[in-house]
Amino acid sequence: MKVLGISGSMRKEGNTAQLIQVILGQCRDAGIQTEFISLAGKKILPCLGCGKCIEKKWCINETDDWGGIAEKMLACEVLVIGSPTYYYDVNGHLKNFIDRTYSLFHDRKLSGRKGIAVAVHASAGAERTVKTIEGFLNAHEFASLGSVTGIGTDEGDIMNDAKAIAQAKKTGDKIVRLLLPHHD
Ligand SMILES: Cc1cc2nc3c(=O)[nH]c(=O)nc-3n(C[C@H](O)[C@H](O)[C@H](O)COP(=O)(O)O)c2cc1C
């Protein structure tokens, strides 16, 4: 698939998911294939730091949902990856997911894809959330297409953040121009 959205929030249809879906919606409207994955309900164990992936080039832990999502990430051209802000940073579930990508780092298997960081907060901290996600994207040699941040507390609040929605649509349009250069 061309554009993959991943939300780290445990709220399946929470603010992060909805903001990512606005970006994906712009792509779908232009006929670009997208897929959205919520990490809510997915089993993502932490990286053990065992280092066995340095030789194996894949995580030795194949008992959870990480591998299937990693395969989809490898198959995408653009990754839109987002998190709610928890204590001024990404939430733990997304961090576990990111840490496990160490297995893809050794051969820079994700290099060359485009990446967009998405973060939502209630009042403060989204800047660091974006920085953490961008650290992941940069380490894996994604080319950055920017970031989108928004404000919300309860599920769905994000749709009232006009600035965030406009930024998300603009970012979606940027993906469309990248993937369909002759699209109006
Ligand atoms: C454990 C926890 C920690 C949070 N920490 C922050 C924070 O540091 N700053 C902030 O502005 N909001 C914080 N929030 C609020 C969430 O970022 C906010 O509700 C966000 O919209 C949730 O996104 P979601 O619906 O995608 O899960 C926290 C919420 C929880 C549950």
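In listed order, ligands and their atoms are each counted from 1.
- By the 3.5 Å distance cut-off applied to N or O atoms, Glu155 is not counted among the residues near ligand 1.
- Both tests do not hold together for Arg100 against Tyr102: distance to the six-membered ring centre under 6.0 Å, angle to the ring axis within 45°.
- Residue, atom and distance of the protein heavy atom nearest to atom 23 (O) of ligand 1 are Pro84 CB, 3.3 Å.
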- Take Glu77 and Arg113, measure what salt bridge (charged side-chain N to carboxylate O under 4.0 Å, His left out) needs, and give me the verdict at the end. CA-CA 5 Å; Glu77 279 186 47; Arg113 289 162 188 75; over 6 Å; no
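- Side chains of Ser83 and Asn91: a donor-acceptor N/O pair is present below 3.5 angstrom, by distance only.
- For NZ of Lys109, the number of neighbouring non-hydrogen atoms (other residues, nucleotides, ligands) closer than 6.0 Å is greater than 12.
- Checked against a 3.5 angstrom limit, the closest N/O atoms of Gly14 and ligand 1 fall outside it.
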Please output the side-chain donor-acceptor pairs of residues 18-26 that fall under 3.5 Å, not counting sequence neighbours, one pair per line with the distance.
from, atom 1, to, atom 2, distance (Å)
Gln18, NE2, Glu13, O, 2.9
Gln21, OE1, Arg28, NH2, 3.4
Gln26, NE2, Asp173, OD1, 2.8

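- If you look at His140 and Phe136, their ring centroids are closer than 6.0 Å.
- Judged purely by distance below 3.5 Å, without hydrogens or angles, the side chains of Thr85 and Thr129 pair a donor atom with an acceptor atom.
- Using a non-hydrogen distance threshold of 4.0 Å, Gly125 does not register as a contact of ligand 1.
- Any N or O atom pair closer than 3.5 Å counts here, and Asp154 shares no such pair with ligand 1.
- Of the protein's non-hydrogen atoms, the one nearest atom 19 (O) of ligand 1 is Thr153 O, 3.0 Å.
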Name the atoms and distances for all side-chain donor-acceptor pairs under 3.5 Å in residues 45-57, with sequence neighbours left out.
from, atom 1, to, atom 2, distance (Å)
Lys56, NZ, Glu62, OE2, 2.9
Lys57, NZ, Ile54, O, 3.1

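- Ranked by closest heavy atom to atom 13 (C) of ligand 1, the top entry among Ile20, Val118, Thr16, Thr85 is Thr85.
- Heavy atoms of His121 found under 4.0 angstrom from ligand 1 belong to the backbone as well as the side chain.
- The single protein non-hydrogen atom nearest to atom 10 (C) of ligand 1 is Ala124 O, 3.2 Å, given as residue, atom name and distance.
- In this structure, atom 18 (C) of ligand 1 lies nearest to the protein heavy atom Gly152 O, 3.3 Å.
- Annotation: atom 5 (N) of ligand 1 to nearest protein heavy atom, Tyr87 N, 3.0 Å.
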